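Below is one structure, written out as structure tokens, with a few remarks after it.
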Amino acid sequence: MTSLEVAGLAKSFGGVTAVDDVTFSITPGHIHSIIGPNGAGKTTLFNLVAGLYVPTSGTVRLAGQDVTALAPHQRAALGLGRTFQNLQIFFNMSAIENVMVGRHLRRRAGFLGSLFALPSAWADNREARAQAARLMARVGLEAYLDAEADAMPYGALKRLEIARALAAEPSLLMLDEPAAGLNPTETQEIDRLIQSIAADGITVVLVEHDMKLVMGISDHIIVLDHGRLLAQGTPAEVARDPQVVAAYLGGEPA
Amino acid sequence: MSDFLQFVFSGLTVGAIYALVGIGFALIYNASHVINFAQGEFVMIGGMATVALIDLGVPLLPAALVAIAIAALVGVALEKLAIEPARNAGVVTLIIITIGASILVRGVVEVVLGKQFHRLPSFSGDQPILVGGATLHPQSLWIVGALVVLVVGLKLFFDRHPFGKAILATAHNRLAAQLVGIEVKTVLVASFALSAAFGAIGGILTAPLTLTQYDVGVMLGVKGFCAAILGGLGSPFGAVLGGLIVGLAEALAAGYVSSAYKDVVAFVMILLVLFFMPSGLFGTKGTERV
Amino acid sequence: MANPALGRWGGLIVLIVVVAALPLVLPNKFYYDIAVKTGLNALVCVGLNLLIGYAGQISLGHAAFFALGGYASAVLTTRYEWNGFLALGAGAVATGIVAYLVARPILRLKGHYLAMATLAFGIIVSLVLNREIWLTGGPDGITVPTLRLGDMRLRSAETWYWITGGALVVVTYLALNLIHSPSGRAIRALHGSEVAAETLGIDVARTKTMVFVLSAVIAAIAGSLFAHADRFITPNEAGFLRSVELVTMVVLGGMASTFGAIVGAALLTVLPQALAGFDEFKHIVLGAILVGTMIFLPKGLVPSLGALIRRWRR
Amino acid sequence: MTARNPSRRLALCLGVATAVMLGALGGAQAQQAPIKIGSFLAVTGPASFLGDPEAKTLKLYVDRINKAGGVAGRQLQLVVYDSAGDAKQAVSFAKRLIDEDKVDLIIGGSTTGETMAAAPVVQEAELPFISLAGANVVVEPVKKWIFKTPHSDRMAIEKIFEDAQKREFKKVAVIGGPGGFDQSCRAEAVKLAPRYGLEVVANETYGANDTEMTPQLTRIRSTPGVQAIVGCGFGAPTVITARNYKQLGMQNIPFYFNHGVGSDQFIKQSEGATEGMRVPVAAVLVGDQLKADDPQRPIVTDYRKTYTEAYNEPISTFGGHAFDALLIATEAIKRAGGPDKAKVRDEIEKTKDLIGVDGIFTMSATDHMGLDLRSFKMTEIKDGKWVLLY
């Protein structure tokens with residue numbers, strides 16, 4: 001049983017092929033990283049898996065189920081969560097409300113229940129707030145509970161996105177450059193956080209530039225270059241792969 | 001057949017005005033990504049200012065030129081005083097600002113020139129020209145002729161003149177334009193002035209055919225917006241085609257289907273285009289980056 | 001604010017107190033009439049604010065829903081002699097269905113395109129109301145009979161004041177419920193980031209449709225009440241400028257602020273009255289206020305003032 | 001179009017326009033409160049042809065009456081609101097006049113739309129209301145509190161069709177707008193045509209804010225056998241219709257307009273397009289051409305002189321409607337001995353042989369207009385002037 005399976009996936013934008021015939025699978029419960037130089041197609045791949053882009057060809061399977069034709073919110077309901085390279089915070093809400101949105105899939109009250117404040121909506125609110133507060137504490141944001149999102153520092157927002165994604169209780173969590181723009185201390189904290197998430201049994205897929213982070217925590221690495229799958233394997237295997245060294249590691253002193 | 005020709009004449013005349021307003025929308029949108037809901041007011045200013053000047057005894061040509069200049073100045077003022085201070089505002093806010101500005105402009109004209117409606121004498125008399133059984137008003141020739149001249153002029157300006165090229169470059173990529181030393185602020189001001197002038201010319205040319213009043217700008221603005229969207233937002237030449245299509249569709253619908261529903265035609269058309277071709281007939285598709 | 005819930009329900013209590021106390025200072029029927037119009041505009045704006053302020057979707061055609069509700073009441077009660085309340089309900093349901101049908105294709109659009117599409121929809125509705133004279137009476141409007149509750153004829157301005165005030169309090173209460181519920185957070189998430197909302201399992205198209213239909217139904221009910229309160233309605237109620245007026249009320253008062261919407265509606269209903277003495281310059285003043293507010297208080301009056309008070313407290 | 005009078009729409013939720021208060025300034029004799037006359041008129045907007053001279057006439061004559069000592073020993077106070085021709089605003093202003101200004105009587109409603117919109121409010125408030133609107137529907141069926149001064153659209157159509165019959169026309173086309181007055185006029189035309197041996201072969205309509213009527217006129221032009229066109233309407237659309245008529249080179253088809261165009265403004269704005277058009281109008285417009293023994297001649301001459309001197313602009317039939325309304329009202333108040341609403345209403349209904357500028361009024365419980373065809377004159381526009389035919 002695989003957590004995520006991608007077969008022959010391709011996406012082109014008006015003649016430019018961003019992802020080209022990529023096939024790989026991801027086993028449950030580990031930390032997987034997708035690396036590659038800028039423009040290798042990592043974020044496009046994320047967007048294809050999340051369902052934000054419709055692939056030109058190929059299939060995506062989540063936990064064995066073909067989701068290629070499903071909308072992003074349907075994939076989310078199947079246990080797929082993610083964060084974004086360019087922050088996608090709800091800046092029109094407080095920090096804790098951002099995380100509470102993450103509880104959307106776990107709500108019981110419907111639209112009318114919400115409108116008329118039925119007991120189910122009250123219960124939802126109570127439960128969501130408690131869960132959100134717990135998750136914010138877990139990512140180290142307990143000081144920001146009722147802060148307005150647009151007044152928070154960048155590093156905190158990065159962690160807020162992770163807390164929000166966790167609130168949906170995903171089985172597969174995709175993190176797009178969680179350490180980008182963070183200082184070394186913050187990066188270390190993120191490192192620990194990712195490991196603890198994986199320790200809870202959530203499959204983590206990471207896109208990251210910080211090689212030290214990637215090499216340190218990944219169980220399995222997928223290397224993309226120019227939209228194509230270049231190599232995959234353990235950090236040690238990948239680091240030894242001459243193609244990878246040539247294409248990526250060699251080109252950038254890490 | 002002569003009826004058909006008559007409707008085509010009528011449609012092209014009206015369409016040419018929509019086109020002029022539509023070009024204005026496109027120019028401003030290109031430079032600033034603002035939809036200027038005050039665009040119709042430039043048309044109104046053109047007509048009303050010319051009427052007022054002629055009433056003061058100024059001959060037609062100088063009166064028209066001064067009216068165009070006044071409209072251009074209002075355009076510049078709009079950019080400097082209302083758009084620029086709100087540069088980073090959202091779409092809705094900018095829409096409200098331009099709507100507020102249009103109310104302000106109408107209010108000023110209402111106070112200065114009154115609320116009565118006015119007319120201009122036709123440029124070349126009212127003797128209709130007979131063409132294939134249909135009649136063509138000389139003023140229609142002026143309107144369509146002016147559109148052709150302005151479009152060709154605009155094309156040459158964009159292709160040949162360095163400043164025209166700068167405007168195009170800014171529309172294409174603002175940051176890059178800034179990096180190669182284009183004064184984006186000047187481009188903005190010029191775009192507002194230019195689109196105001198186009199609107200004013202439209203207003204002056206139509207005033208002899210229809211009537212002009214302090215509030216004629218509203219509907220013309222909306223129709224011009226239709227033209228701009230139909231042509232693909234941000235494409236001045238698309239807007240010209242969009243305007244002519246809207247005008248023709250209206251006239252033919254009025255003639256053959258129901259005059260009561262001619263305005264509906266334009267809006268139904270725009271809805272269909274938006275539903276099935278969201279980037280307009282001649283626009284290009286963009287992709288959202290995440 | 002230390003406790004957001006306090007501000008929320010505190011605001012509702014203030015609203016109730018204002019509605020209850022206002023009659024003490026209203027000198028005659030004419031002022032009741034203005035108060036009724038303020039209340040009905042506020043009603044529409046509370047609903048419209050859910051769409052514009054919270055969900056972040058602009059509508060330049062919302063007056064169409066108001067007018068559809070009003071005309072449903074007018075036409076069904078005059079031409080088909082329906083009971084007024086039945087007509088009101090039918091109008092709300094029918095408007096909801098219309099809104100549902102246009103929501104999907106229209107709400108796929110964004111920004112200026114959405115503005116254009118909603119504008120076009122509104123204008124089409126107003127044109128139909130103008131042209132179908134046999135049904136609507138044409139541009140000169142249609143007279144609407146008095147609303148009857150059993151044997152009671154609801155016609156005095158005072159009666160309508162209490163009906164409107166009550167409706168406003170109820171709808172405000174519902175709106176506040178919604179905003180601070182799971183569905184409400186989903187609605188607000190659309191404004192914050194549609195992609196993020198999608199990846200958290202929010203069905204974007206469905207959520208947009210829900211809020212669009214809800215705001216349309218509220219507008220339709222307000223329109224029905226308006227038709228009966230005024231006993232007259234014209235197609236101008238569906239017009240482009242009426243739609244713009246409604247959006248302006250929301251934006252002026254403050255987007256994503258329920259009480260802002262009410263304040264905006266009150267201001268733009270009462271302000272023209274206050275300016276009656278400066279008739280000549282009324283539009284200049286109004287235009288200048290709109291532009292000025294948007295430039296200097298881009299968040300609208302209520303949120304901007306709220307921020308000011310919070311800063312001052314600190 | 002919907003965007004009728006736009007900035008006003010936006011600015012006015014309720015609609016409040018100029019409140020012109022011409023109060024009793026002679027403090028000495030003002031022991032008694034003044035008699036309040038309220039009015040809502042289309043001073044601006046597409047029907048400003050009508051409302052503007054009406055408002056000016058009311059102001060002028062209320063002033064003169066006050067200077068001459070008022071009515072029934074009391075001064076008059078005039079409150080005028082500008083409804084811009086919008087029915088919605090007319091209702092608001094009618095309410096405001098009744099509830100806030102507490103007027104004793106209302107004159108106004110320049111247009112049929114405004115009048116019919118305000119009618120239920122006025123009926124309910126039970127105060128006399130003299131409308132300046134043309135359509136027959138205003139007084140038919142008779143409404144207890146509502147009267148009107150202009151000739152009705154039915155009379156206009158009768159007058160036009162009589163003329164058409166004399167010229168041996170058989171087939172006519174009708175063109176008009178969607179407003180109440182236009183609608184009513186077109187309906188009368190269709191209804192009355194057979195009685196005059198006429199057939200309405202084309203019946204075209206345009207939108208309230210249309211800027212050109214070319215398609216409608218083109219269709220009339222290509223309808224076989226049209227011998228005359230009858231235009232129903234007032235204000236800007238009629239001017240555009242006339243101009244398009246000329247622009248399409250249709251002058252070979254005779255054109256009649258109804259009395260909604262009865263002002264020099266119409267001729268002036270149409271720039272010669274109206275040459276040869278025939279219009280039935282009230283006597284006031286051709287006052288200088290009336291026979292010397294015409295009973296209306298003195299009052300018409302006096303009104304023309306007074307108005308032109310005060311405003312330095314030509315008179316219109318619309319100002320005349322307002323003049324007559326004020327005349328009927330003041331005469332009734334005099335007879336009633338004060339502004340008691342019920343008494344004034346009864347006295348208005350008893351108006352008999354009152355010579356006004358529109359004609360000689362004799363009202364009754366079944367006739368709240370009180371005019372007949374005698375005072376309605378057929379004119380032709382020649383060299384930009386109204387010329388009395390008969």
Side-chain angles (χ1 to χ4, degrees), chain A residues 46-47 50-52 71-84 86-94 96-118 120-125 127-128 146 148-150 161 164-165 167-168 170 174, chain C residues 1-5 7-9 12 47 50 52-56 170-171 173-211 213-215 217-218 255-257 299 303 306-307 310:
Chain A
F46 258 34
N47 286 337
L52 296 177
H73 67 92
Q74 292 168 313
R75 302 187 195 198
L78 292 171
L80 179 69
R82 76 168 285 189
T83 65
F84 297 86
N86 306 323
L87 287 175
Q88 295 288 328
I89 293 288
F90 307 128
F91 282 114
N92 55 341
M93 296 187 208
S94 70
I96 195 164
E97 282 177 322
N98 265 273
V99 184
M100 287 163 82
V101 176
R103 298 296 296 165
H104 184 78
L105 286 165
R106 310 287 158 191
R107 77 197 189 285
R108 280 172 303 253
F111 195 79
L112 291 178
S114 294
L115 199 57
F116 293 101
L118 299 183
S120 56
W122 285 94
D124 277 346
N125 274 349
E127 188 270 351
D146 282 309
E148 290 302 320
D150 56 9
E161 269 205 354
R164 185 178 70 184
M174 305 198 295
Chain C
M1 232 169 274
N3 188 347
R8 194 190 318 159
W9 302 122
L12 188 65
L50 291 174
I52 298 182
Y54 287 104
V170 169
V171 168
Y173 167 74
L174 295 179
L176 291 173
N177 280 344
L178 181 65
I179 293 157
H180 301 281
S181 74
S183 298
R185 283 189 292 274
I187 288 168
R188 286 188 284 161
L190 299 180
H191 195 181
S193 162
E194 264 184 44
V195 265
E198 279 181 303
T199 54
L200 292 169
I202 294 167
D203 184 340
V204 169
R206 184 168 173 277
T207 309
K208 279 185 185 174
T209 304
M210 291 292 235
V211 67
V213 169
L214 177 66
S215 67
V217 168
I218 292 173
M255 287 205 281
S257 160
K299 290 194 164 162
R310 252 170 287 157

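Bear in mind the structure is a predicted one, so any value in this text is a computation, not a measurement. Numbered from 1 within each chain, the chains take letters A, B, ... in sequence-line order.
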Option that, when pairs with chain C are counted at under 4.5 Å, heavy atom only, ranks first among Glu97(A), Gln74(A), Arg103(A), Arg75(A) | Glu97(A)

Side chain from CB out, backbone as N, CA, C, O: work out which of these in Tyr173(C) comes under 4.5 Å of a heavy atom of chain A, or both, or neither.
-> side chain

Please state whether the side chain, the backbone, both or neither of Arg107(A) comes within less than 4.5 Å of a heavy atom of chain C.
-> side chain

Distance in Å, Met210(C) CE paired with Leu112(A) CG, rounded so as to fall on 0.5 Å steps = 6.5 Å

Contacting moiety of Arg164(A), where chain C heavy atoms sit under 4.5 Å | both

Exercise: identify the closest heavy-atom pair between Val211(C) and Phe111(A) | N-CZ, 4.4 Å

If one checks every heavy atom of Ala167(A) against chain C at 4.5 Å, the contacting part turns out to be neither

Proximity breakdown for Leu176(C) and chain A, heavy-atom pairs closer than 4.5 Å | neither

Return the minimal non-hydrogen interatomic distance between His73(A) and Gly201(C), and the atom names on each side.
-> CB-C, 3.5 Å

Whether Asn177(C) side chain and Leu115(A) backbone form a donor-acceptor pair below 3.5 Å = yes

For Asn125(A) and His180(C), which heavy atoms make the closest approach, and how far apart are they?
-> ND2-O, 2.7 Å

Is the number of heavy atoms from other residues, nucleotides or ligands within 6.0 Å of NZ (Lys299(C)) greater than 12?
-> no

Measure Ile187(C) against the heavy atoms of chain A and call it side chain, backbone, both or neither at under 4.5 Å.
-> side chain

Portion of Leu80(A) that has a non-hydrogen atom of chain C nearer than 4.5 angstrom = backbone

Note: vs chain C, highest number of non-hydrogen pairs under 4.5 angstrom among Ala77(A), Pro72(A), Ser114(A) is Ser114(A)

At what distance, to the nearest 0.5 angstrom, does CE of Met100(A) lie from CZ of Arg185(C)?
-> 3.5 Å

Between Val101(A) and Ala189(C), which heavy-atom pair has the shortest distance, and what is it?
-> CG1-CB, 3.9 Å

Is chain C contacted by the side chain of Ala128(A), its backbone, both, or neither, given a heavy-atom distance below 4.5 Å?
-> side chain

Nearest heavy-atom contact between Ala50(A) and Thr199(C) is CB-CG2, 4.5 Å

Nearest 0.5 Å please: distance from the CD1 atom of Ile202(C) over to the NE2 atom of His104(A).
-> 5.0 Å

Side chain, backbone, both or neither of Ala256(C) within contact of chain A (heavy atoms, under 4.5 Å) | neither

Which distance, rounded to the nearest 0.5 Å, do you find between the CZ of Arg188(C) and the CZ of Phe91(A)?
-> 15.5 Å

Asp124(A) side-chain N/O to Ser181(C) backbone N/O, donor-acceptor pair under 3.5 Å | no

